[in-house]
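Throughout, a chain's letter reflects where its sequence line sits, starting with A, and its residues are numbered from 1.
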Amino acid sequence: MLDIKVIREQPAYVKEQLARFQVDAAIVDQVLGYDERRRTLLREVEDLKALRNSVSKEISTLKDADSRETKIREMRTVGDRISLLDKEVAQVEQEQQAAMLEIRNLPHPDVPDGADDTANPVIAQEGEERQLGFAAKPHWELVEALGIVNFEQGVKLAGSRFYVMRGLGARLQRATIQWLLDLHLGQGYEEVYTPFVVKEAALWAAGQLPKFRDNLYRDEESGLWLVPTAEVPITSLYADEILDASRLPIYHVAYTPCFRKEQLSAGRDVRGMKRGHQFDKVEMYMFTFPDQSYAALEKLRSDAEECCRLLGLPFRTKILCTGDIGFGAAKTYDIEVWAPGQGEWLEVSSCSNVEAFQARRANLRYRPEPGAKPEYLHTLNGSGLGLPRTIIAIMENYQQEDGSIVVPEVLRPYMGGCEVIK
RNA sequence: GGGGAGAUGACGGAGUGGUUGAACGUGCUCGUCUCGAAAACGAGUAGGGUGUAAAAAGCCCUCGGGAGUUCGAAUCUCCCUCUCCCCGCCA
């Protein structure tokens with residue numbers, strides 16, 4: 001959510017920035033209209049309440065029954081007017097809030113214009129689009145031959161876009177999660193384990209709602225939603241709280257499964273494990289002072305890149321353009337790893353500074369100094385890393401001509417010393 | 001699933017219709033005292049909104065959440081949520 005003060009004071013700037021996302025300026029005018037009306041109503045109703053309060057006090061001291069009756073009758077009328085206005089205020093407030101929740105975050109000056117993901121500039125790269133000395137196979141062929149992933153069983157259990165991992169495949173996944181968590185612990189993150197279902201409010205706070213409603217799984221009976229990313233529960237970890245400045249910055253890392261309906265056109269990304277309705281992810285998340293969030297974003301990015309580097313995967317980092325950056329983000333880096341079997345770069349991490357966008361939605365603040373007014377803090381999130389794609393890249397990069405897969409050295413301790421999956 | 005108790009400020013804990021945004025205690029901050037500390041004493045210590053160039057003052061709202069009664073509600077009524085205890089059931 002944007003700061004209403006910024007909208008009020010710099011509407012032209014807000015409109016201009018939103019225009020870069022093809023967002024109609026009308027929504028800004030709409031918000032301004034609600035805001036103006038709300039404040040007008042507020043002034044009137046608050047004056048009346050002040051009147052009522054003082055007269056009520058007066059009534060309690062009046063001895064004379066007649067004048068007492070007169071005042072009470074007067075205040076009855078005032079009370080009616082107040083409840084009428086109160087309802088109007090509530091109505092306008094709700095409309096204003098609803099409109100505010102629809103407005104995306106404003107981009108950081110670094111964010112370039114661009115139509116879609118093909119316009120994201122590459123800003124760093126380590127490693128090449130490596131060619132193996134033989135015909136590289138896509139991962140779905142490798143895993144089927146090795147019997148470590150079973151796609152049919154996934155379909156049998158839950159339908160398309162689900163799969164079952166088994167044996168060393170399952171273990172490779174578990175090892176990777178474990179290793180990633182341990183790595184981030186060493187980078188200064190505190191591990192959290194959260195519920196995998198959350199209340200609706202958490203989805204609004206994180207900015208998943210209203211936009212991604214159709215992509216989320218929900219249990220009607222309990223009103224709980226399956227998390228699409230650990231970012232959602234972590235954002236609300238401290239919602240409605242005022243954190244002491246001494247606690248900041250807070251860095252968290254969490255493993256969760258992620259559930260997304262991903263209603264894509266049939267035929268797109270259907271092969272293999274690249275895009276399922278359920279996948280695992282290790283997520284990094286930061287709560288920082290506003291003036292430190294961009295330095296934190298660089299740490300986040302470098303911590304994510306370190307995962308790729310240590311796994312020995314060629315990777316490159318892009319900065320997302322206006323056509324690709326997410327709803328809540330002010331600036332985002334995507335990290336992609338090379339998958340020689342499929343012959344494409346796979347996005348394994350997305351690191352974003354959302355500034356105060358989520359903090360406002362989650363009512364998440366800190367107190368700069370004892371006695372000072374609370375301020376919204378900044379939050380950042382970054383995958384470190386997304387699992388199936390990391391595993392895909394591992395399998396496709398470490399495959400050998402005979403179809404076996406060498407286990408990256410850093411993962412071997414987590415695989416009981418296993419060096420090759422064959 | 002059945003029965004009972006409760007939800008007040010950072011914490012403990014008063015308060016059952018009229019200067020109670022809230023006694024009292026603890027904690028915290030500042031000051032006095034002290035060589036320094038402790039103790040003692042004094043003062044201060046919620047959030048939001050509106051207001052303002054920005055502040056401040058003033059005003060409004062907030063005693064789990066919502067609706068209601070009333071001139072006036074932390075105090076009365078209804079609904080919801082959550083917490084705790086007992087019984088049953090089950091991983």
Trace of the salt bridge (charged side-chain N to carboxylate O under 4.0 Å, His left out) decision for A/E95 with A/R38: CA-CA 10 Å; A/E95 284 168 337; A/R38 182 180 63 88; over 6 Å; no
Is there any protein nitrogen or oxygen under 3.5 Å from a nitrogen or oxygen in nucleotides 65-70 of chain B, and what are the pairs?
none

Distance check, C1' atoms only: B/rC89 and B/rG27, in whole angstrom units. 45 Å
From CD1 of A/I82 over to P of B/rG72, roughly how many Å is that when rounded to an integer? 8 Å
Spacing of the C1' atoms in B/rG51 and B/rC60 (rounded, Å): 11 Å
Dot-bracket encoding per residue of RNA chain B, Watson-Crick/G-U cut-off under 3.5 Å, | denoting interstrand: ((((((((.[[[..)..(.....]]]((((((.......))))))(((((.......))))).[[[[[..)....]]]]])))))))....
Is there side-chain contact between A/L364 and A/Y238, with at least one heavy-atom pair below 4.5 Å? yes
Nearest heavy atoms of A/A359 and A/L377, plus distance in Å: CB-O, 3.2 Å
Under 3.5 Å, is there a donor-acceptor pair between the A/D182 and A/Y414 side chains? yes
For A/G312 and A/Y398, the nearest pair of non-hydrogen atoms, with its separation, is CA-OH, 3.7 Å
In whole angstrom, give the distance that lies between atom CZ of A/R81 and atom P of B/rC71. 19 Å
I want to check one thing: is the phosphate of B/rG47, taken as OP1 and OP2, less than 4.0 Å away from some side-chain N or O of A/R365? no
Among residues at least two apart in sequence or on other chains, which ones pass side chain to side chain contact (heavy atoms under 4.5 Å, CB included) with A/Q97? A/M1, A/L101
Decide yes or no on side-chain hydrogen bond (donor to acceptor under 3.5 Å, both in side chains) for A/E298 and A/Y333, but give the supporting numbers first. CA-CA 9 Å; A/E298 293 309 311; A/Y333 294 117; 2.6 Å; yes
Every protein N/O lying under 3.5 Å from an N/O of nucleotides 17-19 of chain B:
unit_1: B/rG18; atom_1: O6; unit_2: A/R68; atom_2: NH2; d: 3.2
unit_1: B/rG18; atom_1: N2; unit_2: A/S56; atom_2: O; d: 3.1

What pairs meet the side chain to side chain donor-acceptor pair (under 3.5 Å) rule with one or both residues in residues 350-361 of chain A, with sequence neighbours excluded? A/E231-A/Q358, A/Y285-A/Q358, A/S293-A/N353, A/Y294-A/E355, A/T332-A/S352, A/D334-A/S350, A/Q358-A/T379
What integer distance in Å separates A/E69:CD from B/rG72:P? 13 Å
Residues from residues 192-209 of chain A sitting under 4.0 Å of RNA chain B, heavy atoms only? none
Distance check needed: B/rG72 C1' versus A/E74 CD, whole Å only. 15 Å
Name all residues meeting the side-chain hydrogen bond (donor to acceptor under 3.5 Å, both in side chains) criterion together with A/N53; count only those two or more places apart in sequence or in a different chain, and write none if there are none. none
Under the side chain to side chain donor-acceptor pair (under 3.5 Å) rule, what pairs show up with a residue in residues 4-16 of chain A, not counting sequence neighbours? A/R8-A/D35, A/K15-A/D29
Give the rounded distance in Å between these two atoms: CD of A/E93 and P of B/rU50. 9 Å
Around A/E409, counting heavy atoms of other residues, nucleotides and ligands shown, do more than 12 lie under 6.0 Å from its CD? no
Salt-bridge criterion met for A/R271 and A/E141 (N-O under 4.0 Å): no
Which residues pass the side chain to side chain contact (heavy atoms under 4.5 Å, CB included) test with A/E152, not counting sequence neighbours? A/E144, A/N150
Are there any protein N/O atoms within less than 3.5 Å of an N/O atom in nucleotides 7-10 of chain B, and if so, which ones and at what distance?
none

Between B/rU29 and B/rC82, how far is it from one C1' atom to the other, in whole Å? 34 Å
B/rA57 and B/rA22: how far apart are their P atoms, nearest whole angstrom? 15 Å
Are more than 12 heavy atoms from other residues, nucleotides or ligands located less than 6.0 Å from atom CZ of A/R166? no
Is the closest side-chain heavy-atom distance between A/T256 and A/T194 below 4.5 Å? yes
Are A/R309 and A/E306 ion-paired here, with the side-chain N under 4.0 Å from a carboxylate O? yes
Could you work out the separation of B/rU81 and B/rG66 based on their P atoms and round it to a whole Å? 15 Å
Same-atom distance (P) from B/rU26 to B/rC80, integer angstrom: 41 Å
Suppose you measure atom C1' in B/rU75 against the same atom in B/rU69; what distance do you get, rounded to whole Å? 13 Å
Show your working on salt bridge (charged side-chain N to carboxylate O under 4.0 Å, His left out) between A/E36 and A/R39 and close with a plain yes or no. CA-CA 5 Å; A/E36 185 56 43; A/R39 288 192 293 159; 3.7 Å; yes
Take atom CG of A/L42 and atom P of B/rU62, then tell me their distance rounded to the nearest Å. 13 Å
Minimal non-hydrogen separation, A/L180 against A/L385, with atom names: CD1-N, 3.5 Å
Take atom CG of A/D244 and atom P of B/rU29, then tell me their distance rounded to the nearest Å. 12 Å
Thinking salt bridges, do A/K318 and A/E347 make one under a 4.0 Å N-O criterion? no
Go through the structure and list residues passing side chain to side chain contact (heavy atoms under 4.5 Å, CB included) with A/E375, not counting sequence neighbours. A/Y366, A/P368
Can you check the A/I242 CD1 to B/rC11 P distance for me, whole Å? 12 Å
For B/rA91 and B/rG6, measure between their P atoms and round to the nearest Å. 35 Å
Where protein sits on nucleotides 51-60 of chain B, one letter per nucleotide: B base, S sugar-phosphate only, - none, heavy atoms under 4.0 Å: S-------BB
